[in-house]
Amino acid sequence: MMERILITSAIPYINGIKHLGNLVGSQLPADLYARYMRARGHEVMFICATDEHGTPAELAAAKAGKPVAEYCAEMWQVQKDLSDGFRLSFDKFGRSSSPQNRRLTQYFAGRLADNGLIEEVSERQVYSNADGRFLPDRYIEGTCPNCGYERARGDQCENCTKQLDPTDLIDPRSAISGSTDLEVRETKHLYLRQSQMKDQLDAWITSKTDWPILTTSIAKKWLHDGDGLRDRGITRDLDWGVPVQKGDDVWPGMEGKVFYVWFDAPIEYIAATKEWADGKGLDDAAWRRWWRTDEGADDVRYVQFMGKDNVPFHTLSFPATIMGSGEPWKLVDYIKSFNYLNYDGGQFSTSQGRGVFMDQALSLLPADYWRWWLLSHAPENSDSEFTWENFQASANKDLSDVLGNFVSRVTKFARSKFGEVVPEGGSTAAEDANSPDTPGHWLVLAVSQNIALYEQHMENMEVRKAANELRRIWAAGNEYLQEFAPWSVHKENPDAAAHIVRLALNYIRLLAILSRPFIPDTSAAILNALNVEDTNWLRFNSGKESNRINALVESLSALPPGHAFTVPDNLFRKIGDEERVEWSERFAGVRA
RNA sequence: GGGCCUGUAGCUCAAUUGGUUAGAGCAGAGCGCUCAUAACGCUUUGGUUGGGGGUUCGAGUCCCUCCGGGCCUACCA
């Protein structure tokens with residue numbers, strides 16, 4: 001039965017190129033899931049965007065010597081090109097600075113205000129005269145009153161870990177300019193009264209018993225820590241952002257202020273869907289059927305992917321915005337969260353130039369190498385680690401030896417004995433299926449269970465387990481060849497060898513289809529070499545084993561005798577020891 | 001300080017939620033194959049599940065404690 005699945009990946013911040021840890025923590029597994037669900041015939045809406053507002057964006061733009069809007073537009077293009085390079089199949093890669101998001105963010109704020117969930121709070125914040133801006137706590141540096149560390153930040157001292165208030169610091173200065181010309185000013189901000197919705201949120205989270213522990217434990221911690229869920233400031237004194245308005249109306253007293261990025265960023269999931277519709281010239285119904293349960297989204301399953309640092313905003317703040325609107329907007333059904341990927345014994349570090357960033361990765365090797373390694377090592381249960389040795393070993397063994405060489409040996413053998421057409425002779429896959437000890441029977445029995453498990457893991461977003469199962473399915477091709485040894489059989493019985501090879505060529509087609517969510521380019525190269533038109537997943541209408549076997553038999557008959565193919569270039573080259581050493585030195589950065 | 005996660009073979013990870021003798025891949029060893037990218041297949045050596053204590057007929061799994069690694073702690077996003 002066809003389902004409708006809405007998938008969002010946490011939106012990457014605009015101020016620079018993301019590293020492989022960012023990629024594997026949300027966008028890449030989301031893409032895997034989106035591709036799989038499309039392949040299974042479901043209707044998918046896969047949304048991502050750049051998160052463009054906030055102080056770091058302003059500072060990065062200033063550092064680049066550009067107006068912030070221009071800087072963001074350029075960086076959006078850079079990130080868009082990289083996501084294309086990694087074959088991330090977003091239906092829309094939007095921008096949180098879009099007019100659509102501006103209006104929608106202002107709309108939600110208005111709804112929340114109407115429902116009594118916004119509170120105006122006057123507070124005192126540090127203002128830097130030299131920088132001409134209010135400073136977030138962590139952009140203030142000074143001497144720690146507790147331990148005397150001279151580079152303590154306004155929120156916490158990194159040396160003694162004591163939590164601080166900016167006014168606690170001795171000799172405070174701006175971390176941006178170093179200026180000590182600071183003063184405390186009164187300023188008014190809007191707070192989202194999340195505390196009003198604590199019980200509602202708690203009940204909702206509690207009901208999600210099938211979510212990853214990582215997701216629910218973080219949410220529960222925030223709900224129950226101290227006095228419980230706290231209200232959250234959702235505005236800032238900045239120039240760059242969504243101007244504070246109550247719907248279409250001005251918000252008296254809030255002139256010149258913008259919404260806090262974490263208020264408008266999740267709303268961009270919705271707005272980006274409108275960007276998608278607008279870009280295609282579709283009407284509002286086209287996007288609202290994904291987001292309004294009263295306008296067609298009641299049958300949508302909504303899945304979010306994110307790194308663990310994003311969990312509080314997706315389990316609490318954004319749901320509070322949705323629930324607090326009092327309108328039937330679609331709430332998330334499942335949150336798949338990830339731990340961090342570390343780099344060779346430490347963390348990825350932008351400032352230290354440590355680790356591999358998305359642009360660098362693509363300059364070294366094609367996307368499929370990275371996709372395969374990252375997904376098959378996704379940090380699902382705990383932080384995981386990238387090492388060059390592991391990367392080299394996995395890529396060479398899994399991709400070159402197990403998969404690439406299998407395709408190579410089959411197609412080259414077929415060409416040398418029968419020419420570049422699928423050979424005829426021997427029995428059919430359907431006949432084999434009912435005859436024990438035949439190649440077709442052996443192959444179907446060997447992989448049927450693996451494919452069932454693979455599909456189950458993909459459904460459940462068990463990324464590493466799915467990769468592991470897929471590898472087994474690749475390896476079964478080599479086991480099959482060893483079992484039936486067409487190179488020996490051919491000497492005595494060319495027809496029997498033709499039959500073995502025909503099945504093998506068909507199995508390659510099946511592998512390409514099953515592997516597509518992980519390694520789309522390689523799959524495309526295989527399907528292209530085999531002149532395959534029909535790239536549909538296995539066809540079956542129930543989970544019954546007999547049904548599955550029938551579908552497999554059908555799939556293994558897809559390329560008929562006489563069908564022309566070509567031998568593809570080697571699908572994967574091996575990563576050599578020399579280049580591995582060179583790369584590990586090049587990306588080591590400054591060791592701490 | 002508080003909370004959470006985590007520690008299983010040399011390496012990367014499993015273990016149907018307390019149930020036979022803790023399993024895979026890689027690396028190592030042996031044998032086989034010769035179609036293929038010196039690739040592939042089969043067999044096989046590796047574990048006192050971080051240490052100690054407890055509950056139980058039964059513990060990798062639950063409890064206590066110690067040791068190690070990591071994350072979060074609400075104005076970075």
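Computed from a predicted structure; not experimentally measured.
B:rG69 takes the anti form, because its glycosidic angle lies more than 90° either side of 0.
Of the listed nucleotides (B:rA74, B:rU12, B:rA39), B:rA74 has the atom at the smallest distance from the side chain of A:W222. Listed nucleotides B:rA36, B:rC71, B:rA74 differ in distance to A:R232; the shortest reach to its side chain belongs to B:rA74.
For A:Y127, no side-chain nitrogen or oxygen approaches OP1 or OP2 of B:rC75 to under 4.0 Å.
Only the P atoms considered, B:rA59 is 13 Å distant from B:rA22, to the nearest whole Å. Distance check on atom P: B:rC42 versus B:rC26 gives 10 Å, rounded to whole Å. When the C1' atom is compared between B:rG52 and B:rU12, the two are found 29 Å apart, to the nearest whole Å.
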Strictly under 3.5 Å: I want the nitrogen or oxygen pairs between protein and nucleotides 32-34 of chain B, one per line.
from   : atom 1 : to     : atom 2 : distance (Å)
B:rC33 : O2'    : A:W487 : NE1    : 3.4

Distances under 3.5 Å only, N/O to N/O: pair up the protein atoms with those of nucleotides 22-29 of chain B.
from   : atom 1 : to     : atom 2 : distance (Å)
B:rA24 : O2'    : A:R472 : NH1    : 3.3
B:rG25 : O3'    : A:R471 : NH2    : 3.0

I'd like a list of close polar pairs between nucleotides 4-9 of chain B and the protein, N/O only, cut-off under 3.5 Å.
from  : atom 1 : to     : atom 2 : distance (Å)
B:rC4 : O2'    : A:S217 : OG     : 3.4

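Taking the side-chain contact (heavy atoms from CB on, under 4.5 Å) definition, one finds that A:K221 meets it with A:D225, sequence neighbours left out. Every side-chain contact (heavy atoms from CB on, under 4.5 Å) that A:R133 has, sequence neighbours left out, goes to A:T55, A:E58, A:L59, A:D131, A:L135, A:I176, A:L238.
Ion pairing of A:E380 with A:K465 is absent here, as no side-chain N (NZ or NE/NH1/NH2) approaches a carboxylate O to less than 4.0 Å.
Applying the 3.5 Å distance criterion, the base of B:rA36 shares a donor-acceptor pair with the side chain of A:N405. One cannot find a donor-acceptor pair under 3.5 Å joining the base of B:rC42 and the side-chain atoms of A:E479. With hydrogens and angles left out, the side chain of A:R230 and the base of B:rA74 share a donor-acceptor pair within 3.5 Å.
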Whenever both distances are under 3.5 Å in a Watson-Crick or G-U wobble pair, mark it; put RNA chain B into dot-bracket that way, with [ ] for crossing pairs and | when the partner is on another strand.
(((((((..((((.....[...)))).(((((.......))))).....(((((..]....))))))))))))....
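One side chain, A:E469 or A:N450, offers a donor N or O that lies under 3.5 Å from an acceptor on the other.
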